[in-house]
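Quick notes on the structure that follows.
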Amino acid sequence: GESVGLHLPTLSVQEGDNSIINCAYSNSASDYFIWYKQESGKGPQFIIDIRSNMDKRQGQRVTVLLNKTVKHLSLQIAATQPGDSAVYFCAESDNQGGKLIFGQGTELSVKP
Amino acid sequence: DTGVSQNPRHKITKRGQNVTFRCDPISEHNRLYWYRQTLGQGPEFLTYFQNEAQLEKSRLLSDRFSAERPKGSFSTLEIQRTEQGDSAMYLCASSSSTGLFSQPQHFGDGTRLSIL
């Protein structure tokens, strides 16, 4: 069935290093992708999104890359900070504003 | 703070009781979504509304679950005859999607339901 999954369930990085979180999706009809950050006891917080007509989008310290050929999505965080420690989810959708399908999440741990 | 607001934040109830959760979306958002999240998993879609119309329901939404958005503003999610398996975090999100292009869904901090 449709699914969005992550390659690594946990990621530990040193403060100041760059982080890369990967995601694979299986539904080739999906054309909207979004990354969320979730801290303990809180709801998912929007980080960045990308539509299928793009292969790269940059925000503040974050970059999302989309490779439609291999159905792969990644989130790059530059100069990772302790405050970036959280679980990160990718999600996919059609471009009609409907439901999001989430992956299982990657826990990012930043060591000072 | 004009984000998505959910109440209550926590609900503990005995098996078999009915519970109701409320979500107040971001005021200018026309779409409202409900998701359920269990520990270690990503949120799972339950249902969503555009204004007051319920446009899609997941197979996860059994007959014991009902959601309403009567005036196209706040929404309620009711679970009747609760079961142990209903224990989860119930998340609400809203967006300004028009159906032409997706816009980001913004989430509240959820209602954590515990069934004794």
Side-chain angles (χ1 to χ4, degrees), chain A residues 1-6 8-10 21 23-27 29-54 57 59 62 64 66 73 75 86-107, chain B residues 1 3-7 9-10 21 23-26 29-51 53-61 88-112:
Chain A
E2 300 172 2
S3 67
V4 177
L6 300 175
L8 297 173
T10 60
I21 301 172
C23 176
Y25 65 94
S26 60
N27 186 1
S30 293
D31 50 11
Y32 178 71
F33 305 88
I34 189 166
W35 282 99
Y36 287 95
K37 172 187 180 183
Q38 189 172 27
E39 297 174 291
S40 180
K42 295 189 175 182
Q45 177 187 355
F46 168 73
I47 301 173
I48 192 167
D49 59 357
I50 189 167
R51 303 184 196 283
S52 59
N53 61 348
M54 304 172 69
R57 192 170 187 211
V62 294
V64 55
L66 175 63
L73 191 69
L75 177 70
V87 177
Y88 289 79
F89 292 99
C90 65
E92 64 175 315
S93 179
D94 61 31
N95 211 4
Q96 303 298 318
K99 66 184 179 186
L100 292 174
I101 300 170
F102 283 81
Q104 189 172 11
T106 291
E107 183 172 7
Chain B
D1 189 328
V4 177
S5 177
Q6 293 190 246
N7 289 287
R9 290 297 315 279
H10 303 276
F21 312 139
C23 173
D24 288 90
I26 294 170
H29 285 180
N30 62 329
R31 290 199 171 182
L32 186 150
Y33 309 79
W34 286 99
Y35 292 82
R36 181 171 69 187
Q37 185 177 28
T38 54
L39 194 63
Q41 302 295 318
E44 295 176 296
F45 170 78
L46 293 177
T47 188
Y48 86 95
F49 295 83
Q50 177 166 300
N51 301 315
Q54 191 171 18
L55 296 189
E56 186 176 353
K57 292 192 292 185
S58 164
R59 291 172 298 172
L60 294 174
L61 212 66
M89 175 77 84
Y90 289 84
L91 292 163
C92 176
S94 68
S95 79
S96 57
S97 293
T98 62
L100 294 177
F101 296 105
S102 292
Q103 297 294 329
Q105 295 180 22
H106 296 274
F107 284 81
D109 285 337
T111 295
R112 180 166 295 283

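In what follows, chains are A, B, ... by sequence order, proteins preceding strands, each numbered from 1.
Using a 4.5 Å heavy-atom threshold, the side chains of B:Tyr35 and A:Leu100 count as touching. Residues B:Pro104 and A:Tyr32 have side chains in contact (heavy-atom distance under 4.5 Å, counting atoms from C-beta outward).
The NE2 atom of B:His106 sits 7.0 Å away from atom OH of A:Tyr36, with the distance rounded to the nearest 0.5 Å. If you take CG on B:Leu91 and NZ on A:Lys42, they are separated by 14.0 Å, rounding to the nearest 0.5 Å. Rounding to the nearest 0.5 angstrom, the gap separating the NZ atom in A:Lys99 from the OG1 atom in B:Thr47 is 11.0 Å.
No donor-acceptor distance shorter than 3.5 angstrom exists from the side chain of B:Glu44 to the backbone of A:Phe102, with no hydrogens or angles considered. The closest donor-acceptor contact from the side chain of A:Arg51 to the backbone of B:Ser102 lies under 3.5 Å.
No part of B:Arg112 comes within reach of chain A, as not one of its non-hydrogen atoms sits under 4.5 angstrom from that chain. Using a 4.5 Å cut-off between heavy atoms, A:Gln45 does not touch chain B at all. For chain A, the nearby part of B:Glu56 is the side chain; its heavy atoms alone come within less than 4.5 Å. Residue contact with chain A, scored on non-hydrogen atoms closer than 4.5 Å, is absent for B:Gln6.
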